[in-house]
There are 2 protein chains.
Amino acid sequence: MTVDETTLRTPLTRKRIIEAAVELADEQGIEALSMRKLGHALGVEAMSLYNHVGGKDDILDGMVDGLFAEIGVPLPNGGDWKSAVTETATRAKDVFAAHSWAVPLITSRELTGPSAFALMDRTLGVLLDAGYPMDLVHHAWHVISSHVMGYAFQETSSTWGKDSDHDHAKADALLREYGEQFPNVAKLVPHLMECSHDEEFQFGLDIILSGIEARLS
Amino acid sequence: MTVDETTLRTPLTRKRIIEAAVELADEQGIEALSMRKLGHALGVEAMSLYNHVGGKDDILDGMVDGLFAEIGVPLPNGGDWKSAVTETATRAKDVFAAHSWAVPLITSRELTGPSAFALMDRTLGVLLDAGYPMDLVHHAWHVISSHVMGYAFQETSSTWGKDSDHDHAKADALLREYGEQFPNVAKLVPHLMECSHDEEFQFGLDIILSGIEARLS
DNA sequence: ACCTGAACACCGTTCAAGT
DNA sequence: ACCTGAACACCGTTCAAGT
């Protein structure tokens with residue numbers, strides 16, 4: 001009787017299952033993430049996963065929590081709240097944008113994991129420490145997190161990609177079909193396909209943070 | 001042989017199938033929307049739907065296009081671009097927020113339907129007519145649509161609802177579990193549960209539109 | 001303690017058969 | 001032209017049986 005050493009060296013674990021799920025979703029898309037395929041990727045039958053994980057929902061929750069853990073929390077940096085928030089918001093956008101499944105998954109689930117709460121708590125703390133009253137902090141939280149989630153969606157949205165030949169072909173086809181009917185869209189598309197998402201995100205964030213600052217004084 | 005008059009009076013049609021799908025998703029959630037259940041709701045076997053519709057993806061595309069059709073397009077109103085954009089953005093937020101499935105569905109699909117393109121085209125037109133150059137219009141499109149999508153997500157997100165006893169019980173449970181660990185979140189939760197989403201959305205939108213205006217002059 | 005095969009109740013979709 | 005039953009290739013999950 002032979003022994004599979006790989007399986008022995010890295011035993012099945014909730015953490016390892018979730019990491020494999022992230023890898024599978026990154027490579028083949030979230031719709032390809034099934035318990036059977038995930039088990040196969042780990043060299044095990046699908047039913048074995050249930051010994052380490054509550055079920056598929058538990059895996060999806062773990063994937064989302066992992067995203068927030070990867071973002072981390074803003075560091076206190078001597079009262080410069082704008083740069084602290086900018087760093088964390090940019091990092092959040094980048095982490096979400098790095099996984100095509102992040103925004104659809106977050107928007108279809110409740111956010112009650114510890115990492116999401118930690119990010120929220122420390123961000124609020126930065127604003128409170130800077131002297132903002134709670135109701136202005138509340139407004140700020142809404143508008144900042146809208147910008148992060150909304151921009152991550154736009155960056156992930158595959159409608160106007162620019163990276164592959166397939167993206168260019170798709171854009172050409174859409175413009176041929178709709179270009180005459182919607183001339184302003186046709187004029188915008190080159191900007192959408194060429195734009196720097198970092199600069200674009202920063203443009204909006206600057207407006208928002210300056211606007212919040214102006215509401216204090 | 002008897003004849004079902006209801007079926008005769010309202011024959012199966014792509015439009016009617018999509019309307020029934022919206023109704024089913026509104027009432028039972030998007031995960032309850034299956035071809036079999038949708039057929040049942042229409043008094044027909046699931047396989048009959050394929051005579052009028054390309055498949056489930058086609059139905060989902062139709063549902064998304066219906067959302068944008070319901071939003072409509074901004075009307076030219078004598079150059080007051082801020083109020084034109086505000087009206088349409090608010091309407092978009094309200095339409096998305098009225099359907100719990102809207103944001104998850106939009107964020108997981110490409111937006112290439114005619115109604116979405118029309119909304120985009122006319123909104124760009126309002127900004128161009130107001131004298132903004134194309135690259136500033138491009139920035140504006142990104143930040144405004146981020147705000148709309150991001151806020152619709154927050155309004156739809158069921159984590160901090162306030163409408164049902166179930167929402168209150170859930171909030172209480174979360175605060176008991178995390179309240180000590182995350183005191184700033186605990187302080188914010190009452191604001192989240194009481195806030196007026198219309199005012200909150202407007203607060204951010206005002207900051208954004210004023211910021212765009214300031215970039216012109 | 002962990003893994004597995006068989007089974008259950010679902011999916012979307014195809015296709016030949018009916019009318 | 002439209003509807004249907006049977007079938008196919010999938011799902012998530014349970015559970016008794018194995019080691």
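Protein chains get the first letters and strands the later ones, always in sequence-line order, with residue 1 at the start of each. Values in this document were obtained by computation on a predicted structure and should not be read as measured data.
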Handout entry: Under-4.0 Å side-chain N/O to phosphate OP1/OP2 contact, B:Ser48 with D:dC2
Key = no

Can you check whether B:Leu111 reaches B:Phe68 side chain to side chain, under 4.5 Å on heavy atoms? yes

Any stem touching DNA chain D, meaning at least three consecutive Watson-Crick or G-U pairs under 3.5 Å, ordered by first number, would be C:4-8 with D:12-16, C:12-16 with D:4-8

Between CZ of B:Arg14 and C1' of D:dC2 the distance, given in whole Å, is 18 Å

So, are A:Arg91 and A:Glu87 salt-bridged, with charged N and O less than 4.0 Å apart? no

From CG of B:Leu42 across to C1' of D:dC3 the rounded distance in Å is 14 Å

Between the CH2 atom in B:Trp141 and the CD atom in A:Glu200, the distance rounded to the nearest 0.5 Å is 13.0 Å

Rounded to whole Å, NE2 of A:His52 lies from P of C:dA1 at a distance of 12 Å

CG of B:Leu38 to NZ of B:Lys56, rounded to nearest 0.5 Å, is 9.0 Å

Per side-chain contact (heavy atoms from CB on, under 4.5 Å), B:Lys93 is matched among B:His147, B:Glu155, B:Gln154, B:Met149 by B:Glu155

Taken in chain and number order and not counting sequence neighbours, the residues that satisfy side chain to side chain donor-acceptor pair (under 3.5 Å) with B:Asp58 are B:Arg14

Protein heavy-atom contacts under 4.0 Å, written 5' to 3' over nucleotides 5-14 of chain D as B (base), S (sugar-phosphate only) or - (none), form the string BBB---BBBB

Should we say atom CG of B:Asp165 is surrounded by more than 12 heavy atoms from elsewhere, each under 6.0 Å from it?
no

Hey, does the side chain of A:Thr88 reach the backbone of A:Val85 with a donor-acceptor pair shorter than 3.5 angstrom? no

